[in-house]
**Q** 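Okay, here's the structure, questions in a sec.
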2 protein chains.
Amino acid sequence: MSDMHHAEPASAPPEQGLRERKKERTRRAIAGAALRLFAERGYEETTIADIAAAAEVSPRTFFSYFPSKEDVVFAEIDDRLAEVADRLAHRPADEPPLETIRHSVVAVLEAIVSEHGAYSAVQVGLILERPGLQARALQRMTDTQQTIEELLRELCPGLDEIDAVAASGIAVGGMQAVIVHCRRNGYEPRSMRVALDRALTIVENGLGSVEALRRTPDA
Amino acid sequence: MSDMHHAEPASAPPEQGLRERKKERTRRAIAGAALRLFAERGYEETTIADIAAAAEVSPRTFFSYFPSKEDVVFAEIDDRLAEVADRLAHRPADEPPLETIRHSVVAVLEAIVSEHGAYSAVQVGLILERPGLQARALQRMTDTQQTIEELLRELCPGLDEIDAVAASGIAVGGMQAVIVHCRRNGYEPRSMRVALDRALTIVENGLGSVEALRRTPDA
DNA sequence: TGCAATTTTGCATCTATTGCAATTCTGCAC
DNA sequence: GTGCAGAATTGCAATAGATGCAAAATTGCA
């Protein structure tokens with residue numbers, strides 16, 4: 001990192017060096033091996049040693065790629081969430097904030113339940129079962145909340161702090177609701193859309209817009 | 001503790017046997033010792049062995065009272081949340097659901113940040129720092145969400161599933177927001193009230209009720 | 001080719017967590 | 001009062017995740 005004669009072709013794709021490339025490959029190898037083993041034998045039945053062996057690295061190396069066994073489950077998801085966050089940061093500056101929020105929620109949800117990853121079903125299954133993984137997932141949720149909040153504050157410089165936090169919290173709450181709903185009723189894209197739309201409607205119009213919630217129950 | 005001629009006055013409070021009583025004392029001893037040590041030396045600096053010693057039980061016994069070291073931090077909070085859940089279940093049946101939701105959020109928040117417990121400040125501090133504990137806290141949050149959802153469905157038998165989940169998710173989102181806000185701006189009861197009210201207003205009226213969020217930012 | 005930075009690895013260690021079986025305690029019936 | 005059945009406590013051993021450290025292997029580049 002000394003001579004920048006011709007230097008890195010600072011083009012759009014960050015263009016990593018060969019070294020970074022290899023690290024990336026190793027990372028994928030570890031994550032891939034882990035997911036495969038989790039799918040085959042189960043989560044707690046798979047040890048770090050197993051994963052390391054399958055990925056052809058030493059057990060110690062595992063921890064220089066992932067801080068914990070739990071985090072490896074989120075390798076892909078985290079990548080996708082990072083992309084989403086990035087994409088959100090470059091949204092048309094003249095878009096109404098409400099619209100941006102809607103986009104955010106949709107994008108994040110898609111990132112989480114997307115069919116892309118070879119093991120997404122496995123991941124979702126694992127996460128939903130193990131309490132420890134659920135907790136990790138919730139952490140991602142709060143990260144998301146913070147991302148959305150920052151986005152909002154950038155879009156509306158004058159926005160009160162409490163309004164910003166509340167809005168992002170509520171949006172994420174709606175998102176969480178959709179996840180819970182899908183967890184129960186399955187993941188058919190069609191019904192997911194419907195649920196998502198309904199949740200977002202309530203997010204935007206408030207609980208007060210739900211007729212049944214206003215009325216006193218007639219015993 | 002011999003003469004119980006007239007036996008257990010099967011009064012309102014469940015009146016536990018002597019055995020249960022002792023267990024309860026031990027539980028408190030462990031939790032108390034743990035919190036004290038956490039406050040003194042820090043969380044990771046305190047081992048299960050330390051806690052057990054301070055509570056005068058064997059390390060092995062610790063785990064027959066708490067499933068994990070993390071859970072002991074929530075001993076008090078869990079008790080209070082249980083009370084709240086109980087109280088909520090016995091709400092006037094003719095109360096408008098929206099009102100019930102408002103009550104729920106307020107009650108849960110009070111349970112969490114109440115001044116009651118001798119160590120509540122310590123707990124909150126710990127929870128906010130350690131990621132692992134944050135995760136546990138979030139789990140409590142989803143438990144709360146479920147409690148609220150069940151409450152809602154009981155109050156509004158006809159309520160759509162998605163509406164119920166969304167409403168509870170959004171309510172909890174607002175709650176979470178208040179917590180985040182307080183975490184930043186301190187816990188003065190006054191400003192907390194204000195923030196809470198504002199958040200609840202947005203929960204009830206929707207993000208659309210926040211003027212700044214509707215307008216396209218003027219560059 | 002050889003150096004310097006970066007990675008990988010092996011090893012020791014700590015600690016949480018769990019299963020199991022022995023031991024002690026407690027409430028209660030006789 | 002005495003003894004028993006069930007419950008709680010304990011000790012012991014083993015597993016596995018996580019971390020620090022320093023030696024060894026790799027890699028990019030001059």
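Quick note on labels: first sequence line is chain A, next is B, and so on, each numbered from 1.
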**Q** Not counting sequence neighbours, list each pair that qualifies as a salt bridge (charged side-chain N to carboxylate O under 4.0 Å, His left out) and has a residue in residues 138-148 of chain B.
**A** B:D71-B:R140, B:D78-B:R140
**Q** Between B:R198 and A:D160 (salt bridge meaning N to carboxylate O under 4.0 Å), is one present in this structure?
**A**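 Not counted as a salt bridge, because no side-chain N and carboxylate O are separated by less than 4.0 Å.
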**Q** Only pairs at least two apart or in different chains count here, so list each salt bridge (charged side-chain N to carboxylate O under 4.0 Å, His left out) that has a residue in residues 25-34 of chain A.
**A**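 Of all non-adjacent pairs touching residues 25-34 of chain A, those that pass salt bridge (charged side-chain N to carboxylate O under 4.0 Å, His left out) are A:E24-A:R28.
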**Q** For A:F62 and D:dT19, give me the distance from atom CZ to atom P, rounded to whole Å.
**A**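 Whole-Å distance recorded here is 11 Å.
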**Q** When the distance from CZ of A:F66 to P of D:dG17 is rounded to whole Å, what number comes out?
**A**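 Between P of D:dG17 and CZ of A:F66: 15 Å.
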**Q** Using whole Å, what does the distance between atom P of nucleotide C:dG10 and atom CZ of A:F63 come to?
**A** 15 Å
**Q** Is any side-chain heavy atom of B:K23 closer than 4.5 Å to a side-chain heavy atom of B:Y65?
**A** yes
**Q** Using rotation axes that map the C1' atoms of four end pairs onto the next four (five pairs an end), what angle separates the end axes of the helix from C:dT1-D:dA30 to C:dC30-D:dG1, to 10°?
**A** 0°
**Q** Is it the case that more than 12 heavy atoms not belonging to B:R41 sit under 6.0 Å from its CZ atom?
**A**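 Above 12, so yes.
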**Q** Salt bridge check, B:R153 against B:D163: does any charged N sit closer than 4.0 Å to a carboxylate O?
**A** no
**Q** Are there more than 12 heavy atoms of other residues, nucleotides or ligands under 6.0 Å from atom CD of B:Q134?
**A** yes
**Q** Take the protein atom CD1 of B:I51 and the nucleotide atom C1' of C:dT15, then report the distance between them rounded to whole Å.
**A**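 So the two atoms are 12 Å apart, to the nearest Å.
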**Q** What is the distance, rounded to the nearest whole Å, between atom CZ of B:R27 and atom C1' of D:dA8?
**A** 14 Å
**Q** Between A:E20 (CD) and C:dT7 (P), how many Å, whole number?
**A**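 Atom CD in A:E20 sits about 7 Å away from atom P in C:dT7.
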**Q** What is the distance, to the nearest angstrom, from the CZ atom on A:R21 to the P atom on C:dT6?
**A** 19 Å
**Q** Taking salt bridge (charged side-chain N to carboxylate O under 4.0 Å, His left out) as the test, write out the residues that go with B:E161, two or more places apart.
**A** A:R184
**Q** Does the ring of A:Y43 carry A:K69 above it, NZ/CZ under 6.0 angstrom from centre and within 45° of its axis?
**A**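 The answer is yes, since A:K69 meets both limits relative to A:Y43.
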**Q** For a side chain to side chain contact (heavy atoms under 4.5 Å, CB included) check, start with the C-alpha distance between A:L81 and A:F74, then their side-chain angles and the critical distance, and finish with the verdict.
**A** CA-CA 10 Å; A:L81 284 179; A:F74 294 91; over 6 Å; no
**Q** Where do N or O atoms of nucleotides 4-6 of chain D meet protein N or O atoms at under 3.5 Å, pair by pair?
**A**
from: D:dG6; atom 1: N2; to: B:R19; atom 2: NH2; distance (Å): 2.7

**Q** Any chance you could list the contact pattern along nucleotides 9-15 of chain D? Use B for base contacts, S for sugar-phosphate-only contacts and - for none, protein heavy atoms under 4.0 Å, 5' to 3'.
**A** SBBB---
**Q** Any non-hydrogen side-chain atom of A:Q176 less than 4.5 Å from a side-chain atom of A:L138?
**A**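 In contact.
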**Q** How long is the line joining CD of B:E45 and C1' of D:dA18, in whole Å?
**A**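 Distance check: B:E45 CD to D:dA18 C1' gives 15 Å.
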